[in-house]
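Structure record follows, encoded as structure tokens.
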Amino acid sequence: MNILGIELEYDFFDAGQLEAYERENQKVADDIKEPTQYKGKSTADSLRIQCRIVDNFFDALFGAGTARKIFKGKANIRDHMEAFAIMAQGAMNARKEFDAIEDKYAPNRAERRQAERNSRQAQKQSTRNFQQHAAGKGKKHNR
């Protein structure tokens, strides 16, 4: 995935990596909400704290120095939140893909496929009956 011009690999389908993402994501949520760290701080200092929390997130997932590479040492809250959102979107996309795979290969897949076949057969038969019925009526009118 491309995060602010830096290409990073992350496999949300790998249990270990997903576990790390979930742990670090929760840590960001908890740390951002901790009110005591903001007491007596200016708005700028509060933004620096939040940026540092996101920096720690990226360094924990991709290795030390990753945040410096992405953000170039700046404490720009917009960039930090955008980068964090890209990771969150990657996780959501992986979840959707996983759900689709799970639906496709779920144990009741054979039952669903048979029900779909039965439905298609019923539609075909209904169409044939209609065509025969319509054709038969047409002949009666021509006589």
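The figures here come from the full heavy-atom set of this structure, side chains too, leaving out hydrogens, waters and symmetry mates.
Listed by chain and number, the residues in a salt bridge (charged side-chain N to carboxylate O under 4.0 Å, His left out) with Asp30 amount to none (sequence neighbours excluded). Partners of Glu7 according to the side chain to side chain contact (heavy atoms under 4.5 Å, CB included) rule, which considers only residues two or more places apart in sequence or in another chain, are Asn2. Not counting sequence neighbours, the partners of Lys27 by the salt bridge (charged side-chain N to carboxylate O under 4.0 Å, His left out) test are Asp31. The side chain to side chain contact (heavy atoms under 4.5 Å, CB included) test applied to Arg68 returns no partner, not counting sequence neighbours.
Looking at Lys74 and Asp79, their side chains never come closer than 4.5 Å, going by heavy atoms from C-beta outward. When side chains are defined from C-beta on, Cys51 counts as touching Ile77, because their heavy atoms get closer than 4.5 Å.
Both Met81 and Met1 are assigned to one and the same hydrophobic cluster, defined by single-linkage of ILVMFWY side chains at heavy-atom distances under 4.5 Å. Placement of Val28 and Tyr38 within a single hydrophobic cluster is found when ILVMFWY residues are connected by side-chain heavy-atom separations under 4.5 Å, directly or transitively. No continuous path of hydrophobic side-chain contacts links Met92 to Val54 [ILVMFWY only; heavy atoms under 4.5 Å].
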Side-chain donor-acceptor distances from residues 55-66 under 3.5 Å, at least two apart:
residue	atom	partner	partner atom	Å
Asp55	OD1	His80	NE2	2.7
Asn56	ND2	Arg52	O	3.4
Asp59	OD1	Gly65	N	3.3
Asp59	OD1	Thr66	N	3.0
Asp59	OD1	Ala67	N	2.9
Thr66	OG1	Phe62	O	3.3
Thr66	OG1	Gly63	O	2.7

Side chains of residues 8-15: which donor-acceptor pairs under 3.5 Å do they make with residues two or more places apart or in other chains?
residue	atom	partner	partner atom	Å
Tyr10	OH	Gln17	O	2.4
Tyr10	OH	Tyr21	N	3.4
Asp11	OD1	Phe13	N	2.9
Asp14	OD1	Gly16	N	3.0
Asp14	OD1	Gln17	N	2.9

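In this structure, the separation between CD1 on Ile70 and CD on Glu82 is 11.5 Å, given to the nearest 0.5 Å. Note that the CZ atom of Arg48 and the OG1 atom of Thr43 stand 10.5 Å from one another [nearest 0.5 Å]. Here the straight-line distance linking atom CD of Glu19 with atom CD of Glu24 works out to 11.0 Å at 0.5 Å rounding. Rounding to the nearest 0.5 Å places CD of Gln37 at 4.5 Å from CD1 of Ile53. Atom-to-atom distance recorded for Lys69:NZ and Leu4:CG is 13.5 Å, nearest 0.5 angstrom.
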Let's go through Ile3 and Phe84 carefully: what are the C-alpha distance in whole Å and the side-chain angles of both, what is the deciding distance for side-chain contact (heavy atoms from CB on, under 4.5 Å) to 0.1 Å, and is it a yes or a no?
CA-CA 9 Å; Ile3 300 178; Phe84 188 75; over 6 Å; no
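With Asn93 as the partner, the side chain to side chain donor-acceptor pair (under 3.5 Å) test is satisfied by one option alone out of Arg95, Glu97, Gln89, Lys96: Gln89.
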